[in-house]
Amino acid sequence: MRIVYMGTPAFARAPLLALLEQGYEVAGVFTQPDRPSSRGMKVSFGPVKEIALANGIPVFQPGNVRDGEAANLLRELKPDLIVVVAYGKILPKEILEIPPLGCINIHASLLPKYRGAAPIQWAVLNGDSITGVTSMYLAEEMDTGDILLTKETAIGGDETSGELFERLEILGAQLLTETVKALQSGEIRPKPQDGKYATYTSMLSKEMSPIDWTDSAFNIKCKVRGLNPWPTATAQLRDTTYKIYSVQATDTEPSKPPGEVVATGDFGIEIACGDATVIIKELQAPGGKRMLAADHLKGNPF
């Protein structure tokens, strides 16, 4: 089976490696054009491109997949199957119709829930206890194709988006190889998505970072976990804006208005919120390093 793989960021890394480890012929890799990195504005390769180059796989980086050139390249490659994992572009019908076995995608949610961007982060932000990955056929509309297979996993009560991201990358790789094998054997029975249960997510932004202390302790903890590692929750304490990396929710009735410091100590910094208190465990001051709140207090007592 000849496969063309389309993907760009870290989430697409393990699935590509899994295909190579299983001995599938990856005839080409499509990935986003190289862009300057944040430091020094030097052009850097994405994780998928690095893997492709290391394994001698031809790399293609079209800026536009709708002008016909990408479709012509794919026809020349003659793939039996196209695999898309976090590619970052919606493929037109012209491309979807090229491979005999179709175009499949690995999405980091249990579709039809959380179609769109940042499904991992939103599952944590919303306080979900279960998430997973879905393999599906690609359709012209985003994340609406027939479902092939799914894998579920529990979300830990203290798990951050970054930690969940790493687990789902591996789970997605396992799901991909199972899906490809099932497609080869003809065992898969695609299941249409029920659109009435569909939900959509949006990209994260730094505007989401400030903590609203009038919110519940549970919601504040979900926010801190969901925005870790980026863009990171923030809190203004004594006229200084801190990045907040970890908090502990309590059921202690607050003795002060939301946002006021209730107590400090070896346990961290306890802040009143809407229904209880929240203890800041890890933070980062401007220009400083990420550290335990208790260690920060040693040199910066509140």
Side-chain angles (χ1 to χ4, degrees), residues 1-19 22 24 26-32 46-48 51-52 60 62 65-66 70-71 74 77 79-120 122-123 131-153 165 168-184 188-195 197-201 203:
M1 177 187 291
R2 284 173 61 82
I3 295 174
V4 166
Y5 189 86
M6 295 181 168
T8 302
F11 186 77
R13 177 179 48 201
L16 174 57
L17 288 172
L19 290 176
Q22 291 291 321
Y24 289 105
V26 179
V29 161
F30 280 62
T31 190
Q32 293 271 18
V48 169
I51 293 171
F60 305 92
V65 296
R66 295 181 175 272
L74 286 164
L77 291 170
D80 299 303
L81 176 71
I82 292 177
V83 172
V84 180
V85 184
Y87 180 41
K89 294 180 182 291
I90 298 178
L91 303 183
K93 183 178 180 181
E94 181 183 21
I95 289 179
L96 298 179
E97 294 177 342
I98 290 174
L101 292 177
C103 300
I104 64 171
N105 173 246
I106 301 297
H107 186 73
S109 78
L110 298 174
L111 290 170
K113 190 174 185 179
Y114 297 147
R115 292 174 177 174
I120 298 173
W122 281 105
T131 189
V133 287
T134 302
S135 61
M136 65 175 179
Y137 279 123
L138 281 175
E140 290 185 79
E141 295 182 30
M142 182 176 60
D143 300 332
T144 60
D146 291 355
I147 293 173
L148 299 172
L149 297 174
T150 61
K151 278 184 176 292
E152 292 187 2
T153 185
F165 186 101
L168 291 185
E169 179 188 348
I170 302 302
L171 201 64
Q174 296 170 358
L175 182 66
L176 175 59
T177 56
E178 291 177 14
T179 301
V180 173
K181 290 177 182 177
L183 283 172
Q184 282 182 298
I188 281 187
R189 295 293 180 266
K191 178 183 177 182
Q193 295 188 41
D194 191 338
Y197 295 110
T199 60
Y200 292 84
T201 61
M203 297 290 289

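The figures that follow rest on heavy atoms only: side chains count, while hydrogens, waters and symmetry mates do not. This structure is a prediction, so every number in the text was calculated from the model and none was measured.
To the nearest 0.5 angstrom, Gln174 atom CD is 5.5 Å from Lys151 atom NZ. Separation of atoms NZ (Lys181) and CE (Met1) is listed at 11.5 Å; rounding is to 0.5 Å. Between Thr153 atom OG1 and Leu168 atom CG the span is 7.0 Å, to the nearest 0.5 Å.
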Could you pull out every donor-acceptor pair under 3.5 Å between side chains of residues 79-107 and any protein atom, sequence neighbours left out?
| from | atom 1 | to | atom 2 | distance (Å) |
| --- | --- | --- | --- | --- |
| Asp80 | OD2 | Arg2 | N | 2.7 |
| Lys89 | NZ | Gly63 | O | 3.0 |
| Glu94 | OE2 | Arg75 | NH2 | 3.2 |
| Asn105 | ND2 | Val84 | O | 2.7 |
| His107 | NE2 | Ser109 | OG | 3.4 |
| His107 | NE2 | Tyr114 | O | 2.8 |

Can you give each donor-acceptor pair under 3.5 Å made by side-chain atoms of residues 137-150, sequence neighbours left out, with the distance rounded to 0.1 Å?
| from | atom 1 | to | atom 2 | distance (Å) |
| --- | --- | --- | --- | --- |
| Asp143 | OD2 | Gly116 | N | 2.7 |
| Thr144 | OG1 | Glu141 | O | 3.0 |

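Phe60 meets the ring pair (Phe, Tyr, Trp, His ring centres under 6.0 Å) test with Phe30; sequence neighbours excluded. With sequence neighbours left out, Arg66 forms a salt bridge (Lys or Arg N to Asp or Glu O under 4.0 Å) with no residue at all. Taking the salt bridge (Lys or Arg N to Asp or Glu O under 4.0 Å) definition, one finds that Arg13 meets it with Glu169, sequence neighbours left out. A search for side-chain hydrogen bond (donor to acceptor under 3.5 Å, both in side chains) contacts involving Tyr5 returns nothing, not counting sequence neighbours.
The minimum heavy-atom distance linking Ile188 with Ala182 is given by the pair CG1-CB, 3.2 Å. Scanning both residues, Pro15 and Phe11, for their nearest heavy atoms gives CD-O, 3.4 Å. Between Thr177 and Ala18 the shortest heavy-atom distance is CG2-CB, 3.7 Å. Counting all heavy atoms, side chain and backbone alike, Ala108 lies closest to Val133 at CA-CG1, 4.1 Å.
Thr31 contributes no side-chain N or O that, together with a main-chain N or O of Val48, makes up a donor-acceptor pair within less than 3.5 Å. Using modelled atom types, one side-chain atom of Thr134 and one backbone atom of Leu111 make a donor-acceptor pair closer than 3.5 Å.
Using a 4.5 Å heavy-atom cutoff, the side chains of Val65 and Met6 are not in contact. For the pair Ile51 and Leu17, the minimum side-chain heavy-atom distance is below 4.5 Å.
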